[in-house]
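Both ligands and their constituent atoms are indexed starting at 1 by order of listing.
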Amino acid sequence: MPEFNLAEITSHFSISGKLENIKVNSQGHINSTFISEFSTPEGIRRYTHQRINQNVFHKPMEVMENIWLVTNHIRTILKQEYSDVSRRCLTVILTNDGKLAYEDSDGGFWRTYEYIDHVRTYESIANEKQAQLLGEAVGNFQLELSDFDGSRLHETIPHFHDMASRYAQLDKAISEDRLGRFAKVHREVDFLMDNRERGSILWDSMKNGSVPIRVTHNDTKMNNVLFSEDGQEALCVIDLDTVMPGTILFDTGDMIRTATNTACEDERDLEKVSCSVKLHHALLSGYRSRASKFLTSREDELITESGRTTTQIMAVRFLTDFLAGDVYYHIERPEHNLDRARTQICLMQDMDRKWDQLR
Ligand code: GN1
Ligand code: MG
């Protein structure tokens, strides 16, 4: 990560108190994240600062405009039911001149949120109770946005879940084979090519109108949901960078992909990777308890398929990035993207073995 003058950056935001320290948080694959502590007469206040990855988000201000609209909408709804709304919805801190982000002298865009304290995230789910809570959280998020007018939102990443365009990127990475890595991944490529047609179902269903376009999160991996420290409550869905019009199946898909896997997304020991039928059912029972208020029968029918398809699109994307030389996702080891792709493929294969039980 390049060096940033973090103290200077925080000084551009409307924060009071004295800066005590700033630490790196390396969880996400895309943006650079830092947590700061400020001392104030009322005690320590924490903030999350992020440099928006402009290789991924070409129009960072549009990302922030979406987040501003969506968080204001959700906050209004939550206020009717909860007193601790700032723990259940992200709060954007404006810059000193009232903007949603600060542009530094290198053209980098920075944003700040109130840090939500006394929470935890999970990289894999411990039990059915948690799966149920996660399903409810994603269902609630969609429900809260069900009366939000999606035409007010920018499309932050066009064709984000378009399988055909993701395969076109894979084709290109294979034909260029910049680092000579293709020889290593024949088996993975064969599997993905065999599944190419089937994988288009979500995008095609949205485009041909057999499922409705709604406002969706588009990145509902389980570590984007904050739980209370004791794990008894799912409080807040974070990472709103990709909130835009889509099908709810993109969200059910990513939650299934991440929450039913008995291993982490980048597990190297593939023996540990499997799709838990129990967790799948608990997750969907939680989800449906909220989403049944708006789900159409076709959406409902495609939910299990959405888990397989979303796992597939991530396999394609990780493998593409491995072949292209790790230009998109942050990596922590040389074959990190290959490990991630293999884990996704392994999970799909296990879903196939258990397909009748999952349905
Ligand atoms: C990225 O930002 P983060 O780490 O939550 C990616 C998602 C992938 C995910 C895989 C904008 O999400 O699409 O599902 O990695 N976000 C973007 O872990 O590409
Ligand atoms: Mg993200």
Side-chain angles (χ1 to χ4, degrees), residues 1 24-34 48-60 62-64 66-67 90 109 111 113 121-125 134 137-138 141 153-163 165-166 169-170 199 202-203 216-226 236-244 246-247 249-261 263-267 273 306-322 324 326-333 336-345 347-348:
M1 203 184 282
V24 178
N25 172 310
S26 54
Q27 268 188 341
H29 297 343
I30 307 288
N31 299 314
S32 307
T33 304
F34 306 89
T48 303
H49 310 277
Q50 287 185 306
R51 189 173 200 264
I52 301 175
N53 183 333
Q54 290 180 74
N55 187 24
V56 171
F57 298 104
H58 303 308
K59 295 179 180 164
E62 294 195 352
V63 171
M64 291 313 295
N66 283 2
I67 293 175
L90 288 173
F109 278 83
R111 66 170 168 222
Y113 293 117
T121 55
Y122 293 91
E123 296 303 318
S124 59
I125 289 249
L134 185 77
V138 171
F141 184 85
L153 297 177
H154 304 285
E155 200 176 3
T156 49
I157 306 183
H159 294 269
F160 192 50
H161 288 286
D162 178 352
M163 191 69 93
S165 104
R166 295 299 183 181
Q169 290 163 359
L170 177 59
L202 304 187
W203 186 261
T216 50
H217 180 282
N218 296 304
D219 189 8
T220 45
K221 62 176 177 181
M222 57 179 292
N223 63 11
N224 280 333
V225 176
L226 304 181
C236 184
V237 180
I238 59 167
D239 192 356
L240 307 177
D241 295 342
T242 49
V243 173
M244 55 185 163
T247 151
L249 297 163
F250 300 148
D251 291 357
T252 55
D254 212 38
M255 109 188 155
I256 295 171
R257 172 182 81 86
T258 53
T260 68
N261 187 354
C264 293
E265 178 180 74
D266 59 353
E267 177 57 58
V273 177
S306 77
R308 188 185 193 278
T309 308
T310 307
T311 309
Q312 178 181 353
I313 205 166
M314 288 316 305
V316 171
R317 293 177 61 192
F318 287 141
L319 197 64
T320 302
D321 201 33
F322 176 69
D326 311 306
V327 291
Y328 188 93
Y329 297 106
H330 293 168
I331 54 164
E332 278 151 29
R333 49 179 192 260
H336 208 161
N337 276 315
L338 177 57
D339 294 337
R340 290 168 175 152
R342 286 187 170 145
T343 301
Q344 307 309 301
I345 290 174
L347 184 62
M348 284 175 75

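In this structure, Thr156 contributes its side chain and Asp241 its backbone to a donor-acceptor pair below 3.5 Å.
At least one N/O-N/O distance between Arg317 and ligand 1 falls below 3.5 Å. In terms of polar-atom proximity, defined here as any N/O pair under 3.5 Å, Thr242 makes no such contact with ligand 1.
Partners of Asp254 by salt bridge (charged side-chain N to carboxylate O under 4.0 Å, His left out), not counting sequence neighbours, listed by chain and number: Arg257. The salt bridge (charged side-chain N to carboxylate O under 4.0 Å, His left out) check on Asp162 picks up nothing, with sequence neighbours excluded.
Close contacts of ligand 1 with Gly28, meaning ligand atoms under 4.0 Å from a residue heavy atom, involve 4 (O). When each atom of ligand 1 is checked for a heavy atom of Tyr329 under 4.0 Å away, the hits are 15 (O). Heavy-atom proximity to Phe318, at under 4.0 Å, picks out these atoms of ligand 1: 10 (C). Taking every heavy atom of Asp239 and a limit of under 4.0 angstrom, the matching atoms of ligand 1 come to 2 (O), 3 (P), 5 (O). Atoms of ligand 1 lying under 4.0 Å from any heavy atom of Tyr328, numbered from 1 in the order shown and given with element: 11 (C), 17 (C), 19 (O). Heavy-atom contacts of Phe57 reach the following atoms of ligand 1: 11 (C) (cutoff under 4.0 Å). Shown in contact with Met314 at under 4.0 Å from a heavy atom are these atoms of ligand 1, numbered in order with element: 8 (C), 10 (C), 14 (O).
The line from CG of Leu338 to CD1 of Ile331 is 11.0 Å long, rounded to the nearest 0.5 Å.
The shortest distance between side-chain heavy atoms of Leu240 and Phe141 falls below 4.5 Å.
Residue Gln27 does not touch ligand 1, judged by heavy-atom distances below 4.0 Å. Neither the backbone nor the side chain of Arg340 comes within 4.0 Å of ligand 1, counting heavy atoms alone.
The side-chain contact (heavy atoms from CB on, under 4.5 Å) test with Asp219 singles out one residue from Val243, Val237, Asp251, Asp239, and that residue is Asp239.
Ligand 1 has Arg257 within reach: a non-hydrogen atom of the residue lies less than 4.0 Å from it. Ligand 1 lies within reach of Asn224, whose nearest heavy atom is under 4.0 Å from it.
Using cut-offs of 30° and 60° for the angle between ring planes, the His29 and Tyr329 rings count as perpendicular.
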